[in-house]
> 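The structure's right below; bear with me while I get my questions together.
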Amino acid sequence: MIPIVSIIVAAHSMEGSIKQCLHSLQNQSLQAIEVLIVNHAFTDETVRLCEEFVKEDDRFRLIASDQPGLSEARNDGIKEAKGKYIAFVDGNDFVEYKMYEKLVERAEQKYADFVLCGYTKYWPETNRKKHYKINEALLSKTNPVDYFLAKHNEAYTVAWNKLFLRKIIHDEKLYFENRTFFEDVGFVARYLSFAKKIAIVNEPQYNFVQSEGRPAKIYNPSIAQSHEQTYAQLKQFFDKRQYRNVIEALNLRLYIHRYHYVLLTTSNTRQLKSLERQIIRESKNFSQLPWKHRMMKPLVKLRVYPTFFRLVRKVKA
């Protein structure tokens with residue numbers, strides 16, 4: 001059977017979740033799929049569990065990756081993919097029964113080469129769910145790249161709730177940069193610039209698994225380098241395509257993301273002050289951002305945003 005969709009599963013040491021992930025793919029209503037499980041740094045029973053699926057279902061393949069990172073695992077999967085479309089799944093998540101049938105159907109109906117779907121954040125310990133839809137404003141824009149770069153949210157930037165046309169990825173030599181943060185932003189933004197038609201399936205189809213008992217994040221200093229690399233990559237790519245203003249808006253978004261990351265991890269005063277200076281320096285680009293980011297501007301200038309941020313989180317908890 002020639003696959004319609006190649007589903008690339010980046011799996012590392014996740015023996016507690018990989019079976020649910022692979023079962024959700026094995027039971028897809030769309031049968032014409034291939035599942036490429038990329039082994040990047042298995043250190044537990046994950047590989048044995050994956051081999052069971054490979055033995056019982058010839059649509060599953062296990063690919064050894066020499067590189068430990070998520071980006072390189074996905075790139076190795078892309079090289080092996082044979083389907084008309086490519087999709088990505090993280091090994092600790094799972095998908096709905098008709099996800100790929102619905103995405104392919106929408107792609108064929110709308111002659112689309114880029115399809116996005118809604119998703120659910122799921123906390124298995126309490127069975128709590130929070131559903132997210134795609135803002136359909138992306139469809140109404142004459143230049144969706146502008147909208148993506150300046151006004152994107154999680155649903156736009158992640159790779160796992162999307163269907164990509166393999167031909168575009170191969171013809172344009174697109175790949176994931178091997179960095180710790182923002183790797184999806186660089187890939188999806190560049191792909192979007194080549195997409196001729198976008199379509200949306202707004203029912204949640206992907207389950208993004210969370211953990212109630214997850215320990216507090218530990219600060220990873222590589223976020224600064226990832227920011228610099230993502231900005232440089234997209235600036236070089238899009239400057240030729242007259243997107244200079246929105247690239248600067250994206251740079252401000254990345255500074256804001258780093259600022260929130262520090263607040264959630266170390267709350268290091270020196271880092272916060274340094275990022276506040278950068279955000280103020282880039283403040284002319286706030287007008288291009290969503291309103292929730294624009295409201296940060298006076299609070300950051302007054303040096304009271306950390307207090308506001310913690311208060312909002314406490315109310316939401």
Side-chain angles (χ1 to χ4, degrees), residues 10 67-75 88 90 145-160 162 174-193 208 216-241 243-290 292-297 299-301 303 305-306 308-310 313:
Q67 303 292 331
L70 172 63
S71 295
E72 288 300 332
R74 287 173 171 173
N75 291 337
F88 302 97
D90 289 346
V145 174
D146 278 12
Y147 189 84
F148 175 91
L149 291 171
K151 292 184 167 63
H152 64 263
N153 56 20
E154 183 177 61
Y156 285 156
T157 58
V158 293
W160 36 252
K162 298 174 176 64
L174 300 178
Y175 55 91
F176 288 87
E177 290 280 348
N178 191 19
R179 47 180 170 258
T180 312
F181 298 85
F182 313 126
E183 70 281 354
D184 286 4
V185 176
F187 181 84
V188 176
R190 287 179 294 146
Y191 181 92
L192 181 58
S193 73
F208 183 24
K217 289 181 179 179
I218 298 173
Y219 180 76
N220 186 338
S222 69
I223 191 171
Q225 184 181 38
S226 293
H227 172 178
E228 293 168 6
Q229 291 173 342
T230 301
Y231 171 64
Q233 177 196 40
L234 292 180
K235 188 173 189 296
Q236 180 182 23
F237 182 83
F238 283 111
D239 261 7
K240 302 171 185 176
R241 295 162 175 78
Y243 293 111
R244 189 165 301 172
N245 289 339
V246 286
I247 286 296
E248 297 310 317
L250 171 67
N251 191 34
L252 176 56
R253 289 290 302 270
L254 296 178
Y255 275 121
I256 290 170
H257 183 94
R258 285 174 57 191
Y259 187 58
H260 287 155
Y261 180 71
V262 172
L263 285 170
L264 289 168
T265 52
T266 69
S267 291
N268 181 287
T269 303
R270 179 180 293 181
Q271 289 187 52
L272 287 174
K273 287 183 177 179
S274 174
L275 287 166
E276 284 172 350
R277 287 193 294 271
Q278 292 288 355
I279 289 169
I280 293 168
R281 192 173 297 135
E282 300 288 334
S283 63
K284 64 181 180 297
N285 296 303
F286 266 108
S287 61
Q288 300 183 70
L289 303 191
K292 71 176 183 179
H293 291 90
R294 293 199 298 269
M295 66 177 286
M296 284 183 64
K297 184 177 178 179
L299 299 176
V300 171
K301 284 187 173 182
R303 301 290 196 269
Y305 185 78
F308 172 79
F309 178 81
R310 294 185 186 101
R313 283 183 58 82

> Got Leu149 and Val145 here, is their nearest side-chain heavy-atom distance under 4.5 Å?
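Yes, side chains in contact.
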> Is the shortest heavy-atom distance from the side chain of Tyr219 to the side chain of Asn268 under 4.5 Å?
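No; the side chains remain at least 4.5 Å from each other.
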> What do you reckon, are the aromatic ring centroids of His227 and Phe181 less than 6.0 Å apart?
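Not under 6.0 Å, so no.
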> Side-chain contact test, heavy atoms from C-beta onward, threshold under 4.5 Å: evaluate it for Phe309 versus Leu264 and give yes or no.
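In short, these two side chains touch, coming nearer than 4.5 Å.
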> Would you indicate whether the side-chain heavy atoms of Asp90 and Leu70 approach each other to under 4.5 Å?
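Touching, per the 4.5 Å side-chain cut-off.
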> Mind checking the CG-NE2 spacing from Leu252 to His257? Nearest 0.5 Å is all I need.
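Here the interatomic distance stands at 13.5 Å.
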> Specify the closest pair of heavy atoms between Leu289 and Ala150, including all atoms of both residues, with the distance to one decimal.
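Leu289 and Ala150 have their closest heavy atoms at CD2-O, 3.5 Å.
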> Please tell me if the side chains of Met295 and Phe308 come closer than 4.5 Å, counting only heavy atoms from C-beta onward.
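Yes, close enough: below the 4.5 Å cut-off.
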> Working to the nearest 0.5 Å, report the span between CD of Glu72 and CG of Asn178.
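It comes to 4.5 Å.
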> Kindly write out the residues that satisfy ring-ring contact (aromatic ring centres under 6.0 Å, His included) with Tyr175, not counting sequence neighbours, or none if the list is empty.
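If we apply the ring-ring contact (aromatic ring centres under 6.0 Å, His included) test to Tyr175, skipping adjacent residues, there are no hits.
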> Less than 4.5 Å apart, any side-chain heavy atom of Leu250 and any of His152?
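In short, these two side chains touch, coming nearer than 4.5 Å.
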> Taking side-chain hydrogen bond (donor to acceptor under 3.5 Å, both in side chains) as the definition, give me every residue that meets it alongside Tyr191, ordered by chain and number, with sequence neighbours left out.
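Partners of Tyr191 by the side-chain hydrogen bond (donor to acceptor under 3.5 Å, both in side chains) criterion come out as none, since no residue qualifies.
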> Under 4.5 Å between any side-chain heavy atoms of Lys273 and Glu276, yes or no?
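Side-chain contact under 4.5 Å: yes.
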> CD of Gln225: more than 12 outside heavy atoms within 6.0 angstrom?
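It does not: Gln225 CD has 12 such atoms or fewer within range.
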> Filter on salt bridge (charged side-chain N to carboxylate O under 4.0 Å, His left out), then keep only pairs touching residues 178-193, sequence neighbours left out; what's left?
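Of all non-adjacent pairs touching residues 178-193, those that pass salt bridge (charged side-chain N to carboxylate O under 4.0 Å, His left out) are Arg74-Asp184, Glu177-Arg179.
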